[in-house]
Amino acid sequence: MTALLEVDRLQVQFGATAAVRGASLSVARGETHCLVGESGCGKSVTALAVMNLLARGGERKAERLAFEGEDLLKLSERGMARLRGNAMAMIFQEPMTSLNPAYTVGSQMTEVLRRHKGASQRAATDRAADLLARVGITAPGLRLGQFPHQLSGGLRQRVMIAMALMCEPKLLIADEPTTALDVTVQAQILRLLAGLQRDLGLGLLLITHDLGIVARVATRVSVMYAGEVVESAPTAELFAQPRHPYTQGLLRCVPVPGKIQRDQPLGAIRGTVPRVGHGFAGCAFRERCDFADETCQRTIPRHSAGATHDYLCRLPA
Amino acid sequence: MLRFLARRLIVALLVVATVMTLAFILTRLSGDLAVSIAGPSATQADVDAVRKAYGLDRPLLIQFFDWAGRAVTGDLGESYFFKTRVATLIGERMPVTLTLGLTGLVIALAVSLPLGILAAVRENTAFDRIVQVVALLGQAMPSFWLGLLLMILFGLKLGWLPISGTDSWESYIMPGVVLAFSAIPALTRLTRAGMIQAMGSDYIRTARAKGLSRASILLKHALRNAAIPVVAIAAVQLGFMLGGSIVIEQVFALHGVGFLAWESIAKNDFPVVQSVVLVLAAIYVLLTMLADLMNAVLDPRLRGA
């Protein structure tokens with residue numbers, strides 16, 4: 001069976017800066033695939049490149065970029081617009097600014113269904129109210145008539161989620177949907193996404209830098225570093241047996257109650273992410289890696305550690 | 001919403017009161033009105049008689065409150081020259097000026113909105129730069145000069161449009177274009193800047209992520225937000241146009257309020273001058289209030305403010 005979303009060796013350039021350098025990943029139906037990594041590693045850019053929503057000046061290239069077997073690279077902007085918000089939807093990191101301040105919640109939600117499914121205003125309004133209730137918003141009828149500025153951040157993010165679900169997408173890309181929210185709301189939203197994913201069987205590509213979230217919701221994890229996917233594995237396996245030194249370092253940075261002593265320093269990865277320009281070869285992590293030697297300057301082969309686990313490092317499994 | 005309106009109304013009344021005071025003081029500063037009215041060959045006795053007849057011998061404060069009190073009730077006094085009620089005079093001339101101003105505004109918006117939107121969509125392309133240069137040239141061109149050029153070309157050489165008078169709607173085209181020309185640069189640049197800002201915003205990314213059509217993204221989601229500063233400036237520009245009609249009505253011999261103002265200044269008909277200034281200021285204040293209201297319609301966040 002073909003995966004819902006296939007990304008093979010995706011590259012994104014902004015002028016001389018390479019934001020994504022050959023990232024590969026795939027999302028199956030009914031799967032929650034988490035994309036993790038520190039700020040600036042190319043997670044969001046990867047998602048935007050998939051949706052073809054890159055900011056001006058961004059150029060994407062890939063060996064393959066397919067949704068349900070359809071080549072997205074060959075699709076015109078018009079063809080892409082037919083998919084967006086319809087079969088594939090996206091939620092953004094900034095709930096406070098992602099809704100248009102000039103239109104009511106209802107107007108912004110219904111226009112998606114009207115556009116893609118040709119629904120009547122009444123049918124679209126009913127569906128919007130239904131979805132708002134589903135994402136845990138009380139008095140949906142009232143909310144539909146309100147403007148974004150009358151809603152809190154948590155409510156706005158729920159509206160964004162409900163809006164993304166209007167056309168029953170098969171793939172939902174959520175770019176740090178909870179980063180801007182406080183912890184209680186965060187937990188609610190994650191539960192909500194997990195529930196929706198289970199109920200609707202949608203493929204979820206969840207971008208986050210929070211490993212706690214990953215442990216709770218992910219089926220599969222891909223770790224990004226400096227524009228590359230350096231390791232990809234089923235969640236339990238990645239936490240139990242991380243292969244890439246960067247993944248190992250990331251996991252050491254997470255405080256685990258009971259395991260980490262109070263006076264013991266928390267793990268940290270020394271150094272900072274290098275600026276990777278055009279023509280950079282070898283491992284981008286080598287400057288910060290304890291195991292690096294001169295072979296790390298050559299092109300690194302992808303190693304596999306089992307059928308569903310692979311990583312990008314010269315170290316053997 | 002009611003509080004919003006009430007606050008705007010109070011500010012508007014204060015502005016009108018200020019303008020009334022200024023209009024009154026400025027006409028008094030222009031010299032001894034009694035001497036001007038009496039004319040160059042008048043004797044001292046004539047001047048004194050005029051001063052008494054027009055109530056100019058009373059203290060300034062009394063004169064002011066007398067005039068202001070009447071003006072508030074709609075009585076703007078009588079013209080020294082036309083010997084008719086000033087309110088009637090202005091009422092007769094106002095339609096011409098309003099038609100001219102609105103024609104100018106409509107032309108200005110019809111040109112600057114599409115130009116601004118296109119320039120924003122094609123930011124930093126040759127089209128965008130040409131629009132900006134043309135806008136700059138437009139702003140630098142004196143309106144009376146442009147008016148004369150148009151008259152020579154379309155009125156005399158080509159004979160397409162009448163060069164003066166108000167006989168038909170066609171008479172308003174050339175003066176309307178000239179008035180619009182002064183407003184187009186600012187409106188175009190504002191539309192362009194607003195659209196560029198809106199198009200770079202998160203909610204436009206959301207609109208694109210929803211797969212909306214390009215027209216819907218540009219005209220529904222971006223333009224509504226970009227229009228807010230444009231509406232405010234359009235109202236101010238319409239105010240300028242009504243004031244600017246003092247020059248343009250001269251050039252095209254349109255007998256509007258601007259023409260009346262010019263005539264009255266030349267003839268020292270100060271009740272008319274004072275009243276024209278007052279009426280134009282009141283219209284201007286009304287326009288800015290209207291713009292505030294329209295913006296409250298466009299941007300729901302302003303309704304609570």
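Chain identifiers are assigned alphabetically (A, B, ...) following the order of the sequence lines, protein sequences preceding nucleic acid strands; residue numbering begins at 1 within each chain. Predicted model only: the values in this text are computed from it and were never measured.
Considering only heavy-atom pairs separated by less than 4.5 Å from chain B, the leading option among A:R84, A:R82, A:M88 is A:R84. Between chain B and the options A:R56, A:M166, A:M90, A:M80, the largest number of non-hydrogen pairs under 4.5 Å is found for A:R56. Chain B forms more heavy-atom pairs under 4.5 Å with one residue of A:E111, A:E94, A:M51 than with any other, namely A:E111. The most heavy-atom pairs under 4.5 Å with chain B, out of A:L53, A:V112, A:L48, A:N86, come from A:L53.
Atom CD of A:E59 is surrounded by 12 or fewer heavy atoms from other residues, nucleotides or ligands within 6.0 Å. Annotation for B:M94: atom CE counts as buried by contact number, over 12 foreign heavy atoms lying within 6.0 Å.
Within the 4.5 angstrom heavy-atom criterion, only backbone atoms of A:L54 (N, CA, C, O) approach chain B. In this structure, the portion of A:M163 lying under 4.5 Å from any heavy atom of chain B is its side chain and not its backbone.
Using a 4.5 Å heavy-atom cutoff, the side chains of A:T97 and B:S201 are not in contact.
Contact detail for A:P101 and B:P300: the closest heavy-atom pair is O-CG, 3.0 Å.
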Would you be so kind as to tabulate the donor-acceptor pairs closer than 3.5 Å made by side chains of residues 138-150 of chain A, with sequence neighbours excluded?
| from | atom 1 | to | atom 2 | distance (Å) |
| --- | --- | --- | --- | --- |
| A:R143 | NH1 | A:Q146 | OE1 | 2.8 |
| A:Q150 | OE1 | A:F147 | N | 2.7 |

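Taking non-hydrogen atoms and a 4.5 Å limit, the residue list of residues 202-220 of chain B in contact with chain A, ordered by number, reads B:D202, B:Y203, B:R205, B:T206, B:R208, B:A209, B:K210, B:G211, B:L212, B:S213, B:S216, B:K220. Of residues 112-123 of chain B, those residues lying under 4.5 Å from chain A by any heavy-atom pair are B:A120, B:V121, B:E123.
In this view, A:E176 and A:K43 satisfy the salt bridge (charged side-chain N to carboxylate O under 4.0 Å, His left out) rule, not counting sequence neighbours.
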